[in-house]
Amino acid sequence: MFNKILRKIKNSYIVQNYSNIVPYVKPYWVRAILAVVVTFPSGALDAAIPWALKRYMDSITTGNISQLTAIMPILIISFTLLQSSFTYLATYLNAWVGAKISNGLKYDLFKKLMRLDAEFFDKNVTGSIQMRFNNDVDAACLGLLNHLKMFTTRIFNSTSLIIALFVISWRLAIVAIIILLLALYPLTQIRKRISSLVSLSVSSGSMISSHYIEAFSGNRIVSSYNLYDYQANRFRNTLNNMFKISMKMMQRTGVLSPIMHFIIGCGIALILFVGNYLISHDMLTAGGFVAFTTSVIMLYQPIKSMGGNLNEVQMSLMALERVFTLLKTKENIRNKPRAMKLKGIKNLIEYRDVCFSYNDDKVILDGINLKIQKGETVAFVGNSGGGKTTLVNLLTRFYDVTSGGIFIDGRDIRDVNLDSLRDHIAVVFQDNFLFDGTIKENILLGNENATGDQIQEAISSACLSDFIRELKRGVNTRIGERGVLLSGGQKQRIAIARAFIKNAPIVILDEATSALDNKSEAVVQRAIDNLMKDRTVFIIAHRLSTVRNADKIVVVDHGKIAEIGSHDELISKPQGLYASLYGIQAEK
């Protein structure tokens, strides 16, 4: 029976959460323990006031006024000053430790976020990520520590006051404790009442954050299409949902404090009744009764507000659960235990019977077999949704194949160290992400240790020299968030320079010129031609005119390879899919 109870305690969510957070507290354990220790005198000094009142009242009623009675007001001021100092120290230490733990968790969560699969980002909105990776940490760490300080203070406070109650009158103390236990019982039901609503509340909070992010990122679309009312109505609907959830939460938890308040009120009335009886039978002095009543009020007063406090504690604990659930999530795309480092590409990249689906309902790739020799340029073309981008996403292991395999020189890429695999691949996307910072900082993301000469070579090869010479601060010019201060062609060339400086043997060009005008495309195409030299190149192209010089053109249709060959070979088949697509584009 005892072992069963111990197991239940060990497996309780509170013990598990606090055991998870121990490694984050460990570096600051001295301050953390001190923060708890100082709550002892802070809480225990509450008992000094009833003690002082008893002495004072007994002296007044008996007429036996001593020197101690005369200085009692000064002693009360001294006790209060000392208690206030300890309270401030506890608050400061808790804030310090809480911020350190919070930063440690946020750092680990951010590292976790960087390693999560592409599938995770496909399924989650930005607001949800912000809530789960940032807001939950603050709610968990700072909320729990603040309430831990409050509860430890109240535990010591309550302990000292209960001792004082028994010293003054054990009969009245028993009555007070029974009332206290009855008042605390409703608090045990809080988790059961709110657990079903917490996930809904978090989801609604995520949507609110997403609305703000969309308003910031999509401000030009909103203005261009006059979407002010549309976006405002969406936001209002989310707010209404949040309001309904908040009201349900209030209905389930708001009644607890009034119930406790009523029970405590009845308890105080009962204490007054019993106290009158004890005084009338000379079993309690008037000073003792005043001191006891003061102690009870000081004991009960915080209890009446504990319903709301414990509700917040439960919310913090649930936030902590969500945080550690994220930290313990296993990535689908990860290294095998003895994954080997890739040391270059000698001969061949091969797709063997590759099949892939995002879910069981829809097959994206079906039985792909393809060989790419080192140094070849391979273009993937076809109708939208045919699986072109998925083919190269599997090579970078943004996703893993459902069946079959991709091999480099005969080795399955799933047996290769993930970082070393991606070190050998440079990607230029259609919409390249640039970080807030300078041109130089964004180029150096390809190789942080690049020399000045290497940077200049990358700039020259990416056809950026003339553009940078026109800038007052040159490569140290800030480009704004996502490169908002640059044109599309300039952003593409910075991305190409980043790929240059990485100097990877495999280059993937994912519709790198499809969003550009003719003039910008011509400049970017020259930069791409420079990038492609002496490398194995994968091109995903919508404009077939850009892939005429590819060594091999792979036509992908509904997840299968429909045709494969050079431009001349494929165009010579008038009934073929490539020739049909090329003819349609030529007419346009």
Side-chain angles (χ1 to χ4, degrees), residues 217-218 220-221 377-381 384 388-389 392-393 395-396 398 422 425-448 450 454-471 473-550 585:
S217 302
R220 295 186 183 182
I221 295 295
T377 296
V378 181
F380 296 98
V381 301
S384 297
K388 306 185 297 294
T389 300
V392 294
N393 283 342
L395 178 61
T396 55
F398 292 158
R422 291 174 179 171
I425 303 172
V427 186
V428 180
F429 298 96
Q430 178 182 355
D431 181 19
N432 288 281
F433 188 94
L434 299 181
F435 293 85
D436 184 21
T438 65
I439 294 174
K440 181 179 179 181
E441 288 169 347
N442 274 276
I443 292 174
L444 283 174
L445 293 175
N447 178 7
E448 295 179 9
Q454 289 173 321
I455 295 172
Q456 289 304 317
E457 183 182 355
I459 289 171
S460 176
S461 299
C463 304
L464 276 170
S465 300
D466 292 342
F467 164 64
I468 289 176
R469 272 196 295 268
E470 293 173 358
L471 300 174
R473 302 196 63 187
V475 292
N476 295 313
T477 301
R478 298 192 69 86
I479 61 175
E481 188 174 0
R482 297 180 64 92
V484 69
L485 302 179
L486 303 176
S487 70
Q490 291 161 353
K491 286 194 283 188
Q492 289 298 85
R493 282 180 281 159
I494 290 174
I496 291 168
R498 186 163 64 192
F500 259 113
I501 213 163
K502 187 174 185 179
N503 196 28
I506 300 173
V507 171
I508 295 174
L509 303 171
D510 188 354
E511 306 224 30
T513 62
S514 63
L516 303 177
D517 58 53
N518 291 335
K519 184 178 180 181
S520 298
E521 182 183 2
V523 178
V524 171
Q525 191 61 53
R526 287 204 308 273
I528 287 175
D529 291 340
N530 293 335
L531 178 63
M532 291 167 58
K533 290 176 183 176
D534 302 320
R535 291 182 172 89
T536 305
V537 182
F538 292 74
I539 302 174
I540 300 168
H542 177 69
R543 296 180 188 177
L544 301 186
S545 59
T546 63
V547 299
R548 294 184 55 163
N549 297 324
Q585 290 195 12

Quick one: which residue pairs count as a salt bridge (charged side-chain N to carboxylate O under 4.0 Å, His left out) with a foot in residues 490-499, not counting sequence neighbours?
none
Does a sphere of radius 6.0 Å around CD in Glu457 hold more than 12 heavy atoms from other residues, nucleotides or ligands, not counting ones at 6.0 Å or beyond?
no
How long is the span from the CZ atom in Arg478 to the NZ atom in Lys440, to the nearest 0.5 Å?
14.0 Å
Working to the nearest 0.5 angstrom, can you tell me the gap between Gln454 CD and Ile443 CD1?
12.5 Å
How would you list, by chain and number, every residue that makes a side chain to side chain donor-acceptor pair (under 3.5 Å) with Asp466, sequence neighbours excluded?
Arg469
Using a 4.5 Å cut-off on heavy atoms from C-beta on, say whether the side chain of Ile459 contacts that of Ile455.
yes
Within the structure provided, determine whether Leu486 and Leu434 are in side-chain contact (heavy-atom separation under 4.5 Å).
yes
Here the gap from Phe467 atom CZ to Thr477 atom OG1, rounded to the nearest 0.5 Å, amounts to 7.0 Å
Indicate the atoms forming the closest heavy-atom contact of Ala426 with Ala499, along with that distance.
CB-CB, 3.8 Å
Just do the side-chain contact (heavy atoms from CB on, under 4.5 Å) check on Ile439 and Leu471 with the steps written out, would you?
CA-CA 11 Å; Ile439 294 174; Leu471 300 174; 3.6 Å; yes
Tell me whether Asn549 at atom CG has more than 12 heavy atoms from other residues, nucleotides or ligands lying less than 6.0 Å away.
no
Measuring only between side-chain heavy atoms, which start at C-beta, is Ile540 closer than 4.5 Å to Phe538?
no
Once side chain to side chain donor-acceptor pair (under 3.5 Å) is applied, do any residues pair with Asn503, and if so which ones, sequence neighbours excluded?
Arg535
The criterion is side chain to side chain donor-acceptor pair (under 3.5 Å); which residues satisfy it with Asp529, sequence neighbours excluded?
Gln525
Looking only at heavy atoms, what is the nearest atom pair of Phe500 and Ala458, with distance?
CB-CB, 4.0 Å
Could you tell me if the side chain of Leu509 sits less than 4.5 Å from the side chain of Leu531, heavy atoms only?
yes
So which heavy atom on Ile496 is nearest to which on Ala462, and how close?
CG2-CB, 4.1 Å
Which heavy atom of Ile501 sits nearest to which heavy atom of Ala450, and what is that distance?
CD1-CB, 3.3 Å
May I ask you to test the Ile479-Asn442 pair for a side-chain heavy-atom distance under 4.5 Å?
yes
With sequence neighbours excluded, tell me which residues meet salt bridge (Lys or Arg N to Asp or Glu O under 4.0 Å) with Arg526.
none
Candidate pair Thr438 and Arg473, rule side-chain contact (heavy atoms from CB on, under 4.5 Å), full reasoning:
CA-CA 10 Å; Thr438 65; Arg473 302 196 63 187; over 6 Å; no
Atom NZ of Lys502: over 12 foreign heavy atoms under 6.0 Å:
yes
Is any side-chain heavy atom of Ile494 closer than 4.5 Å to a side-chain heavy atom of Leu464?
yes
Looking only at non-hydrogen atoms, find the nearest pair between Ile425 and Leu395 and report the distance.
CD1-O, 4.0 Å
With sequence neighbours excluded, tell me which residues meet side chain to side chain contact (heavy atoms under 4.5 Å, CB included) with Phe429.
Phe398, Val427, Asn432, Asp510
